Q: 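Starting off with a structure, shown below.
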Amino acid sequence: MSTDKHKQEIFNQTSVLKPGDPAPDFALRSTPDQLVSLREFHGAPVILAFYPADWSPVCGDQMALYNELLPEFRRLNAALIGISVDGIWCHLAFAKDRKLRFPLLADFEPKGAVARAYGAYRQQDGVSERALFVIDAEGTIRWSYVSPVGVNPGADGILAALEALPSKQEVPA
Amino acid sequence: MTRRAEAKLTVPVGERDHIQGPTEAPVTLVEYGDYECPYCGQAYFVVKELQRLLGNRLRFVFRNFPLTTVHPYAQHAAEAAEAAGAQGKFWEMHDHLFEHQQELDDKHLKKYAAQLGLDLSRFNRDMSEHRYAARIREDLLSGVRCGVNGTPTFCINGVRYDGAPDLDSMVAAIKEAVASV
């Protein structure tokens, strides 16, 4: 990596994407043979939950809570995606252990590229921030929040952001 | 990035709640808890001690927050406590569950119902119909709205308590809450 590029990336990590910014597209693996791209979700809101690592206690609680709230997210027509730099095999084992019913994407190679694109990469730790993004049906970020790494941000902010979307289409639970 | 304000209890304590202690108590402590959560199991004894120390100055409220994907027995345990509550024995079951956290499967829940002298045909019917599942879900969602992110989460006089759930820290927080009134 050139020094300039390196500097650029360190600079990038401090600028978390904000409401009004277009959500950068991506295509990451959820299983060995399945790629998930943001584009696939066009037409409905998406919740992106970046988290530092599978298995760490806070992540586990956070993902368990979101798993519990899938019916609420569905009622608001929104899809939930978890992203970390862990590889797919790690994700599969974690999802199976915690019985998670939403995709975990591997931001694994090049490491953290998607987190960097969202300004949610922790260069010094080599993992993503604990960052949440609510993206509307047109692919624009409507809400973002970065939690201290050790703090589970809960879901109240996500629900409030989804409910504030102008063109929300509620479907029966 | 959006900052979050101090988290407040969104659903005020009311008639639907399970309450111990007088309405006019200067301190209201609300717990969002999960019967299978080991940290709630520890907090159970802290709450008992707080109740002993504060007596009639404390009103305690328990709301359900079962994280069923990590705690497979939590949902039925919560339903069992509600079913016992329908027969006037919520707190007896609540206490019993926290004192037997390692044995929360359906067979044990039935055994506890029998030990508490509940009408078993009614209890079994309530359990098989999941009669109180919707109420438990309401509790959980009310917690999510005020930023409950795991268990146990406490609110002291309507404000979320983010400190450690040990006796000294909670006594200090309660003193502060009362002093600020």
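First the proteins, then the strands, lettered A, B, ... as listed; each starts at 1. Everything numeric here is computed off the predicted structure, so don't read it as measured data.
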Q: Looking only at heavy atoms, which two atoms of D156(A) and V144(B) are closest? And how far apart?
A: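 Looks like CB-O, 3.2 Å.
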Q: Less than 4.5 Å apart, side chain to side chain, heavy atoms only: is that true for L69(A) and L140(B)?
A: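 Side-chain contact under 4.5 Å: yes.
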Q: Run the side chain to side chain contact (heavy atoms under 4.5 Å, CB included) check on Q62(A) and N149(B) step by step: do they pass?
A: CA-CA 7 Å; Q62(A) 185 187 1; N149(B) 52 21; over 6 Å; no
Q: For residues L58(B) and F45(B): do they belong to one hydrophobic cluster (side chain heavy atoms under 4.5 Å, members Ile, Leu, Val, Met, Phe, Trp, Tyr)?
A: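 They do share one cluster, since a chain of ILVMFWY contacts under 4.5 Å joins L58(B) to F45(B).
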Q: Hey, is the main chain of G150(B) close enough, under 3.5 Å, to the side chain of D61(A) for a donor-acceptor pair?
A: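 No, because the side chain of D61(A) does not come within donor-acceptor range (under 3.5 Å) of the backbone of G150(B).
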Q: Could you state the interatomic distance from CG (L67(B)) to OH (Y66(A)), rounded to the nearest 0.5 Å?
A: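 These two atoms lie 12.0 Å from each other.
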Q: Do E72(A) and R145(B) sit within salt-bridge range, that is, some charged N less than 4.0 Å from a carboxylate O?
A: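 The answer is no: the pair does not qualify as a salt bridge.
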Q: In terms of heavy-atom contacts, does CG of D166(B) have more than 12 from other residues, nucleotides or ligands at under 6.0 Å?
A: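 Yes - once you tally the heavy atoms of other residues, nucleotides and ligands closer than 6.0 Å, there are more than 12.
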Q: Would one find more than 12 heavy atoms of other residues, nucleotides or ligands at under 6.0 Å from atom NZ of K48(B)?
A: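 Yes, because the 6.0 Å sphere around NZ of K48(B) holds more than 12 heavy atoms from other groups.
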Q: OH of Y112(B): more than 12 outside heavy atoms within 6.0 angstrom?
A: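 Buried by this count: over 12 neighbours within 6.0 Å.
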Q: Linking I/L/V/M/F/W/Y whenever their side-chain heavy atoms sit closer than 4.5 Å, directly or via other members, would I88(A) and L35(A) fall into one cluster?
A: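 No.
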Q: Are any of the side-chain heavy atoms of T69(B) and M63(A) separated by less than 4.5 Å?
A: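 No; the side chains remain at least 4.5 Å from each other.
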Q: For residues W91(B) and M93(B): do they belong to one hydrophobic cluster (side chain heavy atoms under 4.5 Å, members Ile, Leu, Val, Met, Phe, Trp, Tyr)?
A: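 Yes: a chain of side-chain contacts under 4.5 Å links W91(B) to M93(B).
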